[in-house]
Number of protein chains: 2
Amino acid sequence: MPRASRKATIYDIARLSGASASTVSAALGESWRERRISEATVEAIRSIAAAEGYSANMQARGLRKARSGLVGMVIPLHDNRFFSSMSQSFESFARERGLVPVIASSMREPGEERRIVETLITYAVDYMFIAGATDPDAVSAMCNAANLRHVFVDLPGRGAPSVVSDNYKGAADLTRRLLTDRPISGGTCRDRLYFIGGDPGDYASARRIEAFRDALTEAGSPPGPGQVIACGYAPRSAMREIAALCDRLGGLPAGILVNSLTAFEGVLGHLSGLPLEDLRSSVIGCYDYDPFAAYLQFPVHMVRQDAHGLIREAYRIIDQNTNDLVLRTVEPQQIAPRTFYDRPFSDHG
Amino acid sequence: MPRASRKATIYDIARLSGASASTVSAALGESWRERRISEATVEAIRSIAAAEGYSANMQARGLRKARSGLVGMVIPLHDNRFFSSMSQSFESFARERGLVPVIASSMREPGEERRIVETLITYAVDYMFIAGATDPDAVSAMCNAANLRHVFVDLPGRGAPSVVSDNYKGAADLTRRLLTDRPISGGTCRDRLYFIGGDPGDYASARRIEAFRDALTEAGSPPGPGQVIACGYAPRSAMREIAALCDRLGGLPAGILVNSLTAFEGVLGHLSGLPLEDLRSSVIGCYDYDPFAAYLQFPVHMVRQDAHGLIREAYRIIDQNTNDLVLRTVEPQQIAPRTFYDRPFSDHG
DNA sequence: ATGAAAGCGCTAACAA
DNA sequence: TTGTTAGCGCTTTCAT
């Protein structure tokens, strides 16, 4: 081990090996073949470098080559099943390409989102992924000014290619499923399905709500004004809204489509105060998947989004160097309930 | 907007403002006061920079200042409640300090872990956090060679300060809770508690197993050889093991302490095939917390680790510039079940 | 109060 | 086959 004072540079290796810095640089990189450095020197240099614990300084290399080797991604938050599995995929695809991923979370705040994009530009990321963008136009403007290839994931932008879940199909299928499974009682308003959670201002929620409406209409019962309760993502507000709804209706509606796991947490907070019997008069669906939610006391129909597929497609777009403004769509997957009322605990999906 | 061709540099701003590059650099940074640049020039330069959409190049700045402004963290995986909430905290503490977080996942593979640490060193991170280290000594060696302050989180290392959960206390408390709540039948081997999941080679599991043994011993029934089934983290193997155990015992044991959520997923896969009645003869505990797991059909005692607290302490160690090898401990939290047998669905914890 | 110049570590012409 | 040189964009003496 050399003295732990300062990291070795190519100049140290050059001195130690008797070669020049540029020869060392080439020998340590890929370019030694075309520079026709002899294998002997390459070997010698590499062994010295290894002995000295040399590793390149990417700041210097990036500065010189005008490529940092970094890929940035903005996500709304880390602490979330959907986004954290996007992170996982983002990282493994980045590695495949020899890139180093930098992931930052915006907490869905446009200001924070812009600040992050700014920071990533400052670090000269080579490409940028923006998942769940809250202000895609601003982001595109910044990236374009910095001449930076970028792609939107999950929520689309108009200034760059985008990959989104097929929210319409996912929600339409789920709605139809709930319509089929819903227990019918007798022509009251409690026979209706309700949509709860999400933000109608965001693209994904809007598409799902649209699908919900269309599926109901297609089934002959177009939704009334109160049937879509887009109360955001917080468990609290979902809990409050479902409670208020049950008050109004005098009990649970025939079916509930919950827009997100977080909202579902709130809904569950309310349902858990009810006798299990009451739940039999209702069918529950949730857009997004959680393995434990699948094992609750009542059946839950879920939709699992293909985070891996979204990221794969996004990289595919980045890989091909064109800049056409495509909007690619990835299918989500319907997940059948794992618990049923009439088998003791459950059956395996 | 200037032409989107190349990013503006201080030289561009210098030319445009008639000042020199060094003046621009000072004016745009913090050092203009001590360099006694007039407020007028500072204002002028800043407005030009803003108009040109200038932003500093951190590669160049880092190269010159020998500080990148990056903090690295290695975690086992993103797609996990515990680690993703560590990421969230890691990021927000980093921001507080004006640092940019870079998080990479090792999949618990020592080789991958080393490669990541190497990469982060290459990018000249200013500090490094290693969560769930699989080869802490190797990591410390690399960091020391690069003269890099680092801290271990969740699993300790001998080469650097560490912050860990109080796994012993968490598991001991949970075991005692299960002992108290366990349904007593009649002196058979099915009255025993079983520990399932985890890797006895990793520090956290080892401490929990130790606590489990001690708590049983203290209660007068030291565990037999088969009572600790450390079968790893995969749902599959936990499912297989719990099934085999029930076969051996002729039914569920009086209590099960599951070592992780992933193992719990497997255990649940087995339990879900049983009549709910059977579960009444058993009490279930899980080390780690999931909000949906709290709402299952049977009560689950859980332990929630304080990811935020772990990261907070780790930063505290980094903040104070000493290098003493402390091992700091953070208390986990016991979470009582939210569902009970004798109230219809549940009661709110 | 400001400018000139050197240099952080690396790579890519261009020489030899 | 290898060495010399310039320069990526920035900060920091050292001069003025």
Side-chain angles (χ1 to χ4, degrees), chain A residues 5-46 49 52-70 121-126 146-147, chain B residues 5-46 49 52-70 121-126 146-147:
Chain A
S5 54
R6 222 173 39 86
K7 286 223 63 186
T9 71
I10 47 171
Y11 291 101
D12 297 321
I13 311 298
R15 195 169 21 77
L16 259 40
S17 67
S20 74
S22 64
T23 302
V24 171
S25 170
L28 259 25
E30 304 288 85
S31 67
W32 64 273
R33 285 213 81 84
E34 52 184 85
R35 288 212 47 193
R36 294 187 299 191
I37 313 263
S38 75
E39 300 215 16
T41 21
V42 169
E43 276 319 301
I45 288 173
R46 292 200 166 173
E52 293 296 305
Y54 171 83
S55 67
N57 179 329
M58 290 307 274
Q59 308 195 90
R61 185 202 296 251
L63 185 56
R64 179 61 234 242
K65 305 224 298 184
R67 284 189 98 264
S68 64
L70 301 172
I121 287 176
T122 266
Y123 277 91
V125 295
D126 295 331
N147 214 354
Chain B
S5 53
R6 222 174 38 85
K7 283 224 64 185
T9 74
I10 47 170
Y11 291 101
D12 297 321
I13 312 298
R15 194 167 25 74
L16 260 40
S17 68
S20 75
S22 62
T23 302
V24 171
S25 169
L28 259 25
E30 304 288 84
S31 67
W32 65 273
R33 285 216 81 85
E34 53 184 84
R35 290 212 50 195
R36 293 186 300 191
I37 312 263
S38 73
E39 300 215 16
T41 19
V42 169
E43 276 320 300
I45 288 173
R46 293 200 165 171
E52 293 298 304
Y54 171 83
S55 67
N57 179 330
M58 290 307 274
Q59 309 198 89
R61 186 204 296 255
L63 184 56
R64 178 62 231 245
K65 305 224 297 183
R67 285 188 98 264
S68 64
L70 301 172
I121 287 175
T122 266
Y123 277 93
V125 295
D126 295 331
N147 212 355

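Residue numbers begin at 1 in each chain, while the letters A, B, ... track the order of the sequences. Remember, predicted model here, so these are calculated numbers, not experimental data.
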request  = Can you tell me the distance, in whole Å, between the CD1 atom of B:Ile10 and the P atom of D:dT11?
outcome  = 6 Å
query = Given atom CH2 of A:Trp32 and atom P of D:dG3, what is their separation to the nearest angstrom?
reply = 16 Å
task = Would you check if the side chain of B:Arg46 reaches a backbone N or O of B:Ala27 as a donor-acceptor pair within less than 3.5 Å?
result = yes
inquiry  = Within this structure, what is the CZ-CE distance for the pair A:Arg67 and A:Met58, rounded to the nearest 0.5 Å?
reply    = 9.5 Å
query = For the side chain of B:Tyr11 and the base of D:dC8, is some donor closer than 3.5 Å to an acceptor across the two?
reply = no
query = Touch check for B:Ala66, heavy atoms < 4.0 angstrom, all strands: base, sugar-phosphate only, or nothing?
reply = nothing
task = Assign each of B:Arg61 and A:Ser38 to its nearest nucleotide of DNA chain D by heavy atoms, then name whichever residue's nucleotide is nearer the 5' end.
result = A:Ser38
key: Interatomic distance, A:Arg61 atom CZ to A:Ser25 atom OG [nearest 0.5 angstrom]   = 7.5 Å
inquiry  = Is any side-chain heavy atom of B:Tyr123 closer than 4.5 Å to one of A:Leu70?
reply    = yes
Sugar-phosphate, base or nothing in reach of A:Thr9, heavy atoms under 4.0 Å = sugar-phosphate
inquiry  = Is the shortest side-chain heavy-atom distance between B:Glu52 and B:Leu16 below 4.5 Å?
reply    = yes
query = Rounded to whole angstrom units, what separation is found between the CD1 atom of A:Ile45 and the C1' atom of D:dG3?
reply = 12 Å
ask   = To the nearest 0.5 Å, what is the distance between NZ (B:Lys7) and OG1 (A:Thr122)?
value = 6.0 Å
ask   = Side-chain N or O of A:Thr23 less than 4.0 angstrom from OP1 or OP2 on D:dT2?
value = no
inquiry  = Regarding D:dG3, can its base be found pairing with the side chain of A:Arg35 as donor and acceptor, where the two atoms are less than 3.5 Å apart?
reply    = yes
message = Any heavy-atom pair between the side chains of B:Thr9 and B:Asn57 that's under 4.5 Å?
response = no
query = According to a strict under-4.0 Å criterion, is A:Ser20 in side-chain N/O contact with OP1 or OP2 of D:dG3?
reply = yes
ask   = Does anyone know the first and last nucleotide of DNA chain C in reach of chain B, 5' to 3', at under 4.0 angstrom to a heavy atom?
value = C:dA1 to C:dG9
key: Length of the line joining B:Asp12:CG and D:dC8:P, which is rounded to integer Å   = 11 Å
request  = May I ask you to test the A:Tyr11-A:Val24 pair for a side-chain heavy-atom distance under 4.5 Å?
outcome  = no
Distance, rounded to the nearest Å, where A:Arg64 contributes CZ and D:dT5 contributes C1' = 11 Å
inquiry  = Please compare B:Thr41 and B:Leu63 by the position of their nearest nucleotide in DNA chain C and report the one closer to 5'.
reply    = B:Thr41
query = Which residue lies toward the 5' end of DNA chain C, A:Ala60 or A:Lys65, if each is placed at its nearest nucleotide?
reply = A:Ala60
message = Without decimals, in angstroms, what is the distance between B:Met58 CE and D:dG9 P?
response = 16 Å
task = Mind calculating the distance between CD (B:Glu30) and C1' (D:dC10) to the nearest angstrom?
result = 16 Å
ask   = Checking all strands, does B:Ala26 fall into the base, sugar-phosphate, or nothing category for heavy-atom contacts under 4.0 angstrom?
value = nothing
key: Distance in angstrom units between B:Leu28 CG and D:dT11 P, rounded   = 8 Å
